[in-house]
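Structure record follows, encoded as structure tokens.
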Amino acid sequence: NHDMIIDQDYTFLNCPNILIEGDHKIIIQPGIDLTINRCTLKAKCNKMWDGIYVSDVNSILTIQSTSNLEQAKNAVVSENGGIFTISNTNFTNNHICIKVDPYSGTHLGTVISSVFSSVTGALLSPYNGSNIRMFKGVEINEVNQITIGNFALAGQQNKFDNMDYGIWSYLSNVNVYNNKFDNMSTTQNQNCITCPCQAGTAICASSLKGFYRTLNVGGTGLRQNKFMKNQYGIWCNRFMHLNADNNDIRQTVRTAIRNENSPTANINITNNIVNRFNIGTEILDCGQNSNTFISQNTYNTSVPSFFGPFINNTAILIQNSFSSSHELEISYNNIQKVNNGIFLRQVDNFNISPGSSSDIFENDIKFGVVNNLTSSFFYGIRLESSSGLSITNNHIFKTNNTNPILAVVDNLRGVSLNMSANNTVANNTIDKMGAGIRAAGNCYPSTIERNALNQNYYGVEGQMFANI
């Protein structure tokens, strides 16, 4: 019925029913170790308890062996680098499971083989309500370096299920390895208006102007993370570098990987499998001196997509990037069954400086049996109000044997330029489109040359371009 102060090393062992009064906490004092082994900690009566507070970098909290932390406001709080070593632990129906407060060093906390989950409507006061569920699995604030997950063994994967945010970081450098994120859809009455990402985001990261931070998600081997049935997969907003590599992201309601408002960011999105989405990868307002590389990813969806009539799904979307020195490369991606393969809107690299480039090359874009051709539009590579781009050595084709007919000329396009001047379209292979290459509006000057255009209704259609 009061706060518990741990002022000497102590172990809770085989305690299946530790009840803690509402708003009270366990405080581990500096230099003290607390171990929780095969125990369950939960709220007494119908009000959440506060949590376990690890005071500083000389304090250690160890939780292991199928222990359970339930019904807490902040189940584990690390202050001043307080160390937590968590394995085989279930975090259930908490508001926040692990909260890491500011720390200027490399944080030594670890969490592996653990489950973060909630049942909507099952949280206690003050977070009770029929539509309320867990708010955040892990919250990280102003930490110089921290890693969530471990890639030593396959069995060490963490699982995040049914919450508003899986991992939420602010002004922090974070590595995310070997985690699984499921069922993060939008809730009605807990959406954070001031948060940088909407509710239903598996991984959300943001920073401040002048203080770029880096989010690393996935990598080779067991570093891979898996995502299933989330509103958003990975979302960086405001001054974030992003490396997303070798992740498996499926059935995303909105956007699988997104970075925005990061004008001088380094963005690397490589080797990911992205299946069933509204937008596979979205880069928004990341111009000036940013470097963006999107390469060797697989995007595959269907029309309509898994979660409803998203008939305008796009594999790669880049918007509002104006620069004279940044690098943009979209290459070696395998894109199947989408409305828009690669879509660039207001991307301007007109004055390419030495050592920089903007290239879309060696992408495979495949349209299967395309339905609704009279009411939907399909583009392999689409440019709107964009300039200074090189589109080369891509293969865009329809896989079935039906040749296009006049009725679909305007709806099925291989490469489309709309009000997009000073671009180069060369050495591409485009098969069975309504228009292999189409230019509309003022696209002068642009170069279209050495393309193989096979069994398209029109090879090249349009006007106001030069050097064909």
Taking [X] for the side chain and [Y] for the main chain, is one N or O donor matched with an acceptor at less than 3.5 Å?
{"X": "Asn237", "Y": "Ala205", "result": "no"}
{"X": "Asn247", "Y": "Phe227", "result": "no"}
{"X": "Arg413", "Y": "Ala435", "result": "no"}
{"X": "Thr252", "Y": "Gly233", "result": "no"}
{"X": "Asn411", "Y": "Phe377", "result": "no"}
{"X": "Asn150", "Y": "Ile112", "result": "no"}
{"X": "Asn259", "Y": "Met240", "result": "yes"}
{"X": "Thr424", "Y": "Ser390", "result": "no"}
{"X": "Ser114", "Y": "Asn158", "result": "no"}
{"X": "Asn394", "Y": "Ile360", "result": "yes"}

With heavy-atom distances below 4.5 Å as the criterion, would you say the side chains of [X] and [Y] are in contact?
{"X": "Ile257", "Y": "Ile249", "answer": "yes"}
{"X": "Ile318", "Y": "Ile294", "answer": "yes"}
{"X": "Phe397", "Y": "Asn454", "answer": "no"}
{"X": "His107", "Y": "Val100", "answer": "yes"}
{"X": "Thr292", "Y": "Glu329", "answer": "no"}
{"X": "Tyr127", "Y": "Lys73", "answer": "yes"}
{"X": "Ile140", "Y": "Ile148", "answer": "yes"}
{"X": "Gln296", "Y": "Thr270", "answer": "no"}

Using every non-hydrogen atom in the two residues, find where Met433 and Pro404 come nearest and quote the distance to one decimal.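 Shortest heavy-atom contact: O-CG, 3.1 Å.
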
Distance check, rounded to the nearest 0.5 Å: [X] atom [atom1] versus [Y] atom [atom2]?
{"X": "Ser385", "Y": "Asn418", "atom1": "OG", "atom2": "CG", "answer": "6.5 Å"}
{"X": "Glu142", "Y": "Asn173", "atom1": "CD", "atom2": "CG", "answer": "12.0 Å"}
{"X": "Ile234", "Y": "Ile269", "atom1": "CD1", "atom2": "CD1", "answer": "8.0 Å"}
{"X": "Tyr232", "Y": "Phe277", "atom1": "OH", "atom2": "CZ", "answer": "15.0 Å"}
{"X": "Ile267", "Y": "Phe293", "atom1": "CD1", "atom2": "CZ", "answer": "10.5 Å"}
{"X": "Trp235", "Y": "Ile203", "atom1": "CH2", "atom2": "CD1", "answer": "14.0 Å"}

Checking Tyr332 now: which residues fulfil ring-ring contact (aromatic ring centres under 6.0 Å, His included) with it, not counting sequence neighbours?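 Result, ring-ring contact (aromatic ring centres under 6.0 Å, His included) vs Tyr332: Phe361.
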
Taking ring-ring contact (aromatic ring centres under 6.0 Å, His included) as the definition, give me every residue that meets it alongside Phe151, ordered by chain and number, with sequence neighbours left out.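 Expected list: Tyr177.
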
For Asn451, what residues pass the side-chain contact (heavy atoms from CB on, under 4.5 Å) criterion, not counting sequence neighbours?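 So Asn451 forms a side-chain contact (heavy atoms from CB on, under 4.5 Å) with Val425, Asn428, Ile437, Ile448, Leu453.
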
Check residues 86-93 and write down every donor-acceptor pair under 3.5 Å in which the side-chain atom is one partner and the other belongs to a residue at least two apart or another chain.
unit_1, atom_1, unit_2, atom_2, d
Thr89, OG1, Ser87, O, 3.0
Asn90, ND2, Asn68, OD1, 3.0
Asn93, OD1, Val119, N, 2.8

Can [X] and [Y] be counted as having a side-chain donor-acceptor contact under 3.5 angstrom?
{"X": "Asn333", "Y": "Asn297", "value": "yes"}
{"X": "Asn261", "Y": "Arg238", "value": "no"}
{"X": "Ser420", "Y": "Ser386", "value": "no"}
{"X": "Asn266", "Y": "Asn291", "value": "yes"}
{"X": "Gln336", "Y": "Asn334", "value": "yes"}
{"X": "Thr120", "Y": "Asn162", "value": "yes"}
{"X": "Asn225", "Y": "Asn179", "value": "yes"}

Do Lys159 and Asp161 meet the salt-bridge criterion of a basic N to acidic O distance under 4.0 Å?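 No, no charged N to carboxylate O under 4.0 Å.
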
Pairs touching residues 380-391 that satisfy salt bridge (charged side-chain N to carboxylate O under 4.0 Å, His left out), sequence neighbours left out: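 Residue pairs with at least one partner in residues 380-391: Arg345-Glu384, Arg382-Glu384.
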
Is there a side-chain contact (heavy atoms from CB on, under 4.5 Å) between Leu344 and Ile342 once you walk through the steps? CA-CA 7 Å; Leu344 276 62; Ile342 299 169; 3.5 Å; yes

Asp431: salt bridge (charged side-chain N to carboxylate O under 4.0 Å, His left out) partners, not counting sequence neighbours: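 For Asp431, no residue satisfies salt bridge (charged side-chain N to carboxylate O under 4.0 Å, His left out) once neighbours in sequence are set aside.
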
For residues 199-210, which residue pairs qualify under side chain to side chain donor-acceptor pair (under 3.5 Å), counting only residues two or more places apart or in two chains?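 Residue pairs with at least one partner in residues 199-210: there are none.
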
Determine all donor-acceptor pairs shorter than 3.5 Å in which one atom belongs to a side chain in residues 214-222; sequence neighbours excluded.
unit_1, atom_1, unit_2, atom_2, d
Asn216, OD1, Asn243, ND2, 2.7
Asn216, ND2, Asn175, OD1, 2.9
Thr220, OG1, Arg223, NH1, 3.2

Evaluate Arg250 against Arg276 for side-chain contact (heavy atoms from CB on, under 4.5 Å), listing each step before the verdict. CA-CA 6 Å; Arg250 299 174 186 266; Arg276 292 189 174 183; over 6 Å; no

Taking side-chain hydrogen bond (donor to acceptor under 3.5 Å, both in side chains) as the test, write out the residues that go with [X], two or more places apart.
{"X": "Lys226", "result": "none"}
{"X": "Asn141", "result": "Glu139"}
{"X": "Asn74", "result": "none"}
{"X": "Ser117", "result": "none"}

Are Phe135 and Tyr165, when compared by the centres of their aromatic rings, separated by less than 6.0 Å?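 Close enough - the centres of the two rings lie under 6.0 Å apart.
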
Verify side-chain contact (heavy atoms from CB on, under 4.5 Å) between Leu317 and Thr281, making sure each step is shown before the conclusion. CA-CA 6 Å; Leu317 175 62; Thr281 294; over 6 Å; no

Step by step, work out the side-chain contact (heavy atoms from CB on, under 4.5 Å) result for Met48 and Leu123. CA-CA 8 Å; Met48 283 187 166; Leu123 274 65; 3.8 Å; yes

Could you go through Cys204 and Cys197, starting from their C-alpha distance and side-chain angles, then the distance that decides it, and tell me whether this counts as disulfide bond (SG atoms under 2.5 Å apart)? CA-CA 6 Å; Cys204 171; Cys197 317; 2.2 Å; yes

